[in-house]
Amino acid sequence: MTVPPPRDQAELIARAAELAGLRLADLAARLGAPVPPDLRRAKGFVGGLLERALGATAGSRAVPDFPELHIELKTLPVDRAGSPVESTFVCTIPLTEIGEVEWADSRVRRKLSRVLWVPVEGERAIAVGERRIGQALLYELTVEDEALLRADWEELAGYIGRGHVEELRGHLGKVLQIRPKAAHSRARRLGFDADGAPFAALPRGFYLRPSFTGALLARHFALPR
DNA sequence: GATTGATCATGT
DNA sequence: ACATGATCAATC
């Protein structure tokens with residue numbers, strides 16, 4: 001079963017609304033996809049399933065999931081109270097270029113400008129197929145959120161731009177953090193040190209802290225916090 | 001229990 | 001190689 005791309009924003013929202021309450025096993029059956037016993041070897045299963053169900057087309061290309069609508073799709077694993085149980089990967093970091101990039105042109109800002117968040121039960125105690133899909137939220141970057149993200153981004157990108165990528169640890173950043181993003185810890189890509197000399201750096205990515213995504217959901221759905 | 005660092009699968 | 005989709009698992 002193949003779902004065509006949504007014609008417009010309203011169609012996308014309607015499709016997402018129709019999925020609320022479904023178990024992942026229901027959706028997988030509808031699409032003719034097998035459900036893995038757990039996510040250890042299928043970490044992208046939930047995201048991929050929702051992409052197919054909603055008609056996302058981008059695949060692995062570096063464009064939004066719904067390019068014509070300028071909307072990014074993110075599934076968000078949550079507990080029974082609606083709080084995120086994981087951080088949210090945003091994008092990889094172009095180590096050799098980010099020092100020259102302005103926030104306004106950054107990958108982080110582009111990615112988070114418009115996001116269709118789909119909460120999905122994500123507690124490991126619930127079998128993958130039994131996890132239910134929640135009500136989606138079409139989010140547009142707010143002035144307040146942008147200020148928070150920009151402050152973190154400028155601090156973090158500044159480290160890299162000055163050649164201090166190796167000093168970056170996950171604890172930096174109030175709402176946005178930088179963590180490794182690689183197949184394994186021996187992976188390396190080109191970076192520059194403080195003297196501008198090239199070296200083999202650990203690939204890294206930007207992630208949103210659960211407190212940020214949790215606040216975003218709570219605001220929209222008026223959840224108790 | 002929350003957080004940080006490590007890791008898995010797939011597509012272009 | 002590096003982008004996409006993330007969660008796992010060791011450690012704090």
Side-chain angles (χ1 to χ4, degrees), chain A residues 2-3 5 24 27-28 31 33-67 71-81 83-98 106-108 110-112 115-129 131 133 152 156 159 165-191 198 200-215 225:
Chain A
T2 267
V3 177
L24 293 179
L27 182 56
L31 296 170
V35 177
D38 59 62
L39 300 182
R40 279 182 299 185
R41 308 220 142 214
K43 296 183 180 183
F45 169 74
V46 180
L49 198 65
L50 270 293
E51 281 184 351
R52 289 183 55 190
L54 295 172
T57 54
S60 289
R61 293 177 300 137
V63 297
D65 292 288
F66 304 99
I71 293 174
E72 179 71 22
L73 173 65
K74 287 282 181 201
T75 58
L76 186 58
V78 296
D79 64 18
R80 64 195 67 244
S83 297
V85 302
E86 276 293 350
S87 56
T88 300
F89 173 69
V90 180
C91 58
T92 53
I93 303 178
L95 295 175
T96 58
E97 300 160 24
I98 195 166
S106 67
R107 291 183 180 182
V108 173
R110 256 184 295 159
K111 280 258 178 181
L112 299 180
V115 181
L116 184 69
W117 294 99
V118 183
V120 178
E121 287 181 327
E123 291 179 315
R124 291 189 213 181
I126 308 174
V128 176
R131 296 180 190 179
I133 298 166
D152 283 347
L156 296 167
Y159 270 78
V165 63
E166 298 300 80
E167 294 167 33
L168 287 172
R169 332 237 63 214
H171 69 270
L172 291 170
K174 189 172 169 189
V175 298
L176 190 67
Q177 63 179 170
I178 287 182
R179 305 218 306 274
K181 169 63 173 175
H184 48 73
S185 58
R186 289 98 58 206
R188 289 294 183 270
R189 76 196 316 179
L190 180 62
L202 177 64
R204 294 161 198 265
F206 282 109
Y207 295 80
L208 295 174
R209 293 187 181 278
S211 55
F212 180 82
T213 50
R225 307 212 74 219

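The sequence lines fix the lettering, A, B, ..., with proteins before strands; numbering per chain opens at 1. Side-chain atoms are counted along with the backbone in the values below, which use heavy atoms only and exclude waters and symmetry mates.
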Per [X] side chain, nearest of listed nucleotides [options]:
X         : options                 : value
Pro180(A) : dA3(C), dT7(C), dA6(B)  : dA6(B)
Arg179(A) : dG5(C), dA6(B), dT12(B) : dA6(B)
Arg186(A) : dT12(B), dT7(C), dT7(B) : dT7(B)

Give [X] one of three labels, base, sugar-phosphate or nothing, depending on what nucleic acid heavy atoms sit under 4.0 Å from its own.
X        : answer
Gly47(A) : sugar-phosphate
Arg52(A) : nothing
Ala42(A) : nothing
Pro77(A) : sugar-phosphate

For [X] and [N], is the shortest distance between a side-chain N/O and OP1 or OP2 below 4.0 Å?
X         : N      : result
Gln177(A) : dT4(B) : yes
Thr75(A)  : dA6(C) : yes
Arg189(A) : dA3(C) : yes
Lys74(A)  : dT4(C) : no
Arg209(A) : dA2(B) : no
Lys181(A) : dG5(C) : no
Ser185(A) : dG5(B) : no

Closest heavy-atom contact between [X] and [Y]?
X         : Y         : answer
Pro77(A)  : Thr75(A)  : CD-O, 4.0 Å
Leu176(A) : Asp152(A) : N-OD2, 3.0 Å
Ile93(A)  : Arg107(A) : N-NH1, 4.3 Å

Treating [X] as the side-chain partner and [Y] as the backbone partner, does any N or O pair qualify as donor plus acceptor under 3.5 Å?
X         : Y         : value
Tyr207(A) : Pro180(A) : yes
Arg80(A)  : Glu123(A) : no
Arg188(A) : Ser185(A) : yes

Contact list (N/O, under 3.5 angstrom) for nucleotides 9-12 of chain C vs protein:
residue	atom	partner	partner atom	Å
dA9(C)	N7	Arg124(A)	NH2	3.4

I want to confirm an ordering. Mapping Arg169(A) and Arg41(A) to their closest nucleotides on DNA chain B, which one lands closer to the 5' end?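 The residue whose closest nucleotide sits nearer the 5' end is Arg169(A).
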When the nearest nucleotide of DNA chain B is assigned to Val85(A) and to Ala182(A) on a heavy-atom basis, which residue is associated with the more 5' position?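 Of the two residues, Val85(A) wins.
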Atom CD of Glu97(A) to atom C1' of dC2(C): distance rounded to whole Å?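 That distance rounds to 13 Å.
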What is the distance from CD of Glu51(A) to C1' of dA9(B), rounded to the nearest Å?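 So the CD-C1' distance, Glu51(A) to dA9(B), works out to 13 Å.
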Starting at the 5' end of DNA chain C and moving along, which residue's nearest nucleotide shows up first, Lys43(A) or Lys111(A)?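 Closer to the 5' end of DNA chain C: Lys111(A).
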Pairwise 5' ranking along DNA chain C for Val90(A) and Arg131(A), keeping only the more 5' one: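 By nearest-heavy-atom nucleotide position, the 5'-most residue is Val90(A).
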Once you round to the nearest 0.5 Å, how far does CH2 of Trp117(A) lie from OG1 of Thr88(A)?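 Going from the CH2 atom of Trp117(A) to the OG1 atom of Thr88(A) covers 4.5 Å.
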Say you draw a straight line from CG of Leu116(A) to CG of Leu50(A); how long is it, rounded to the nearest 0.5 Å?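 Going from the CG atom of Leu116(A) to the CG atom of Leu50(A) covers 8.5 Å.
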Thr96(A) and Arg189(A): side chain donor to acceptor below 3.5 Å: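 There is no such pair (donor and acceptor under 3.5 Å, judged by atom type) between the side chains of Thr96(A) and Arg189(A).
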Pairs counted only when both distances fall under 3.5 Å, Watson-Crick or G-U: show me the 5' to 3' dot-bracket for DNA chain C, [ ] for pseudoknotted crossings and | for other-strand partners. ||||||||||||
